[in-house]
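In what follows, a single structure is set out as structure tokens and then discussed.
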Amino acid sequence: MELDLAGKTAIVTGAGNGIGAAIVARFVAEGANVVVSDINGEAAEAQAEALRKAGGKAIAVTANVVDAEQVEAMVAKTVETFGTVDILVNNAGLTRDMRITKMTEADWDIVIDVILKGAFNCTRAVLPHMNENKWGRVVNISSRAHLGNRGQANYSAAKAGIIGFTRAMSLEAGRNYITVNAVAPGIISTEMVRSLPHWDSIRENAEKTTPIPRVGEVEDIADAVAFLASERAGYISGDVLHVTGGRY
Ligand SMILES: NC(=O)c1ccc[n+]([C@@H]2O[C@H](COP(=O)([O-])OP(=O)(O)OC[C@H]3O[C@@H](n4cnc5c(N)ncnc54)[C@H](O)[C@@H]3O)[C@@H](O)[C@H]2O)c1
């Protein structure tokens, strides 16, 4: 299936590592121009450099998605370099897991801010360009945790919130042929989760309880995002694609 992503310009937030890095690599493999955006400028630059070495069109932009001015500057740099922005993947995220009685206000705020305010800032900044083009794709990275996980009150609330945001945005943006969808990954083997102290038992449990008996790989998510960002998914909007190996 031809995804027709060649020549499109995609911004992926949190693309210096993990799932975001796999998404930009997939976009480049499809011939898209990519903006590797991350609060960690060194990680973003390393990814962009590797993609350029492989013949891709990629720039790195250091931006904290919580900061509206930095997000506006990221979009301005994208337009200056590639002419417009066609695709946004709101991928930046983080966890601060603990029972609610131990959770500080700062633990709550940072998770809600990065995931929800980050998606708000970035979507608001790209939509004028997509409206002008009468074409656009926004893919928000939620999580299976939107269903609720122990020790993840902040993260589950943010990842459920991103689904409400996705639905509201799909209603607002559709008139200009812009689709807005969410991808909800299950357990994906990234540095973030492999560094958890109980990673081995998480992996073993996933292998036992997931209908597809393995943990997910970053490429599983990149494939789903590439499809939703493509020409082929132009009549899918406001939806949530679970990429969880059937564990739902
Ligand atoms: N790994 C999993 O099992 C899993 C499962 C479900 C959902 N997710 C979601 O997928 C996304 C990517 O996760 P990952 O596992 O690749 O994690 P990761 O930690 O490898 O990557 C997240 C990236 O986001 C960046 N980031 C953090 N705060 C930021 C900010 N304020 N502004 C800009 N960038 C920021 C980090 O620097 C990092 O590069 C997240 O939204 C995460 O919640 C991951």
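No hydrogens, no waters, no symmetry mates; every other heavy atom, side chains included, goes into these values. Just so you know, ligand 1 is whichever comes first in the structure, and atom 1 is the first atom listed for that ligand.
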Inset, instruction - May I ask you to decide if V66's main-chain N or O and N121's side chain share a donor-acceptor pair within less than 3.5 Å? - result: yes
Legend entry - Donor-acceptor side-chain pairing of N90 and T123 below 3.5 angstrom: yes
Inset, instruction - Using heavy-atom distances, let me know which of V71, V114, I162 sits nearest atom 28 (N) of ligand 1. - result: V114
Inset, instruction - Select the closest option to atom 9 (C) of ligand 1 among I141, N121, N140, N64, judged by heavy-atom distance. - result: I141
Legend entry - Part of N17 with heavy atoms under 4.0 Å of ligand 1, whether side chain, backbone, both or neither: both
Inset, instruction - Would you check if R137 and L228 make a side-chain contact, meaning some heavy-atom pair closer than 4.5 Å? - result: no
Inset, instruction - Can you spot which of R194, R214, R203 makes a side chain to side chain donor-acceptor pair (under 3.5 Å) with S189? - result: R194
Legend entry - Numbered atoms and elements of ligand 1 in range of A63, under 4.0 angstrom, heavy atoms: 32 (N), 33 (C)
Inset, instruction - Decide yes or no on salt bridge (charged side-chain N to carboxylate O under 4.0 Å, His left out) for E72 and K77, but give the supporting numbers first. - result: CA-CA 9 Å; E72 291 291 344; K77 179 77 184 165; over 6 Å; no
Inset, instruction - Can you figure out which of G186, G18, S143 has its heavy atom closest to atom 4 (C) of ligand 1? - result: G186
Legend entry - Nearest neighbour of atom 3 (O) of ligand 1 from the list I221, V36, T244, I188, on a heavy-atom basis: I188
Legend entry - A15 and ligand 1 - part of the residue with a heavy-atom distance under 4.0 Å: neither
Legend entry - Approximate separation, where rounding is to 0.5 Å, of T104 OG1 and M98 CE: 6.5 Å
Inset, instruction - Classify the contact between K159 and ligand 1 as side chain, backbone, both or neither, using a heavy-atom distance cut-off of under 4.0 Å. - result: side chain
Legend entry - Contact (N/O only, under 3.5 Å) between N40 and ligand 1: no
Inset, instruction - Could you tell me whether S142 and ligand 1 have an N or O pair separated by under 3.5 Å? - result: no
Legend entry - Selection from S195, G93, G16, G41 by shortest heavy-atom distance to atom 22 (C) of ligand 1: G93
Inset, instruction - Kindly compute the distance separating CD1 (I39) from CG (N64), expressed to the nearest 0.5 Å. - result: 3.5 Å
Inset, instruction - For ligand 1, note which part of I19 has a heavy atom under 4.0 Å away: side chain, backbone, both or neither. - result: both
Legend entry - Side chains of T166 and N140, donor plus acceptor under 3.5 Å: yes
Legend entry - Close N or O approach (V65, ligand 1; < 3.5 Å): yes
Inset, instruction - Return yes when A145 approaches ligand 1 closer than 4.0 angstrom through a heavy atom, no otherwise. - result: no
Legend entry - Proximal ligand 1 atoms for N91, defined as those under 4.0 Å from one of its heavy atoms: 10 (O), 11 (C), 12 (C), 40 (C), 41 (O)
Inset, instruction - Assign the ring pair Y248 / H242 to parallel, tilted or perpendicular, where the plane angle (0 to 90°) is split at 30° and 60°. - result: perpendicular
Legend entry - Proximity of V193 to ligand 1 by residue part, where a heavy atom lies under 4.0 Å: side chain
Inset, instruction - Could you tell me whether some N/O pair between R144 and ligand 1 is separated by less than 3.5 angstrom? - result: no
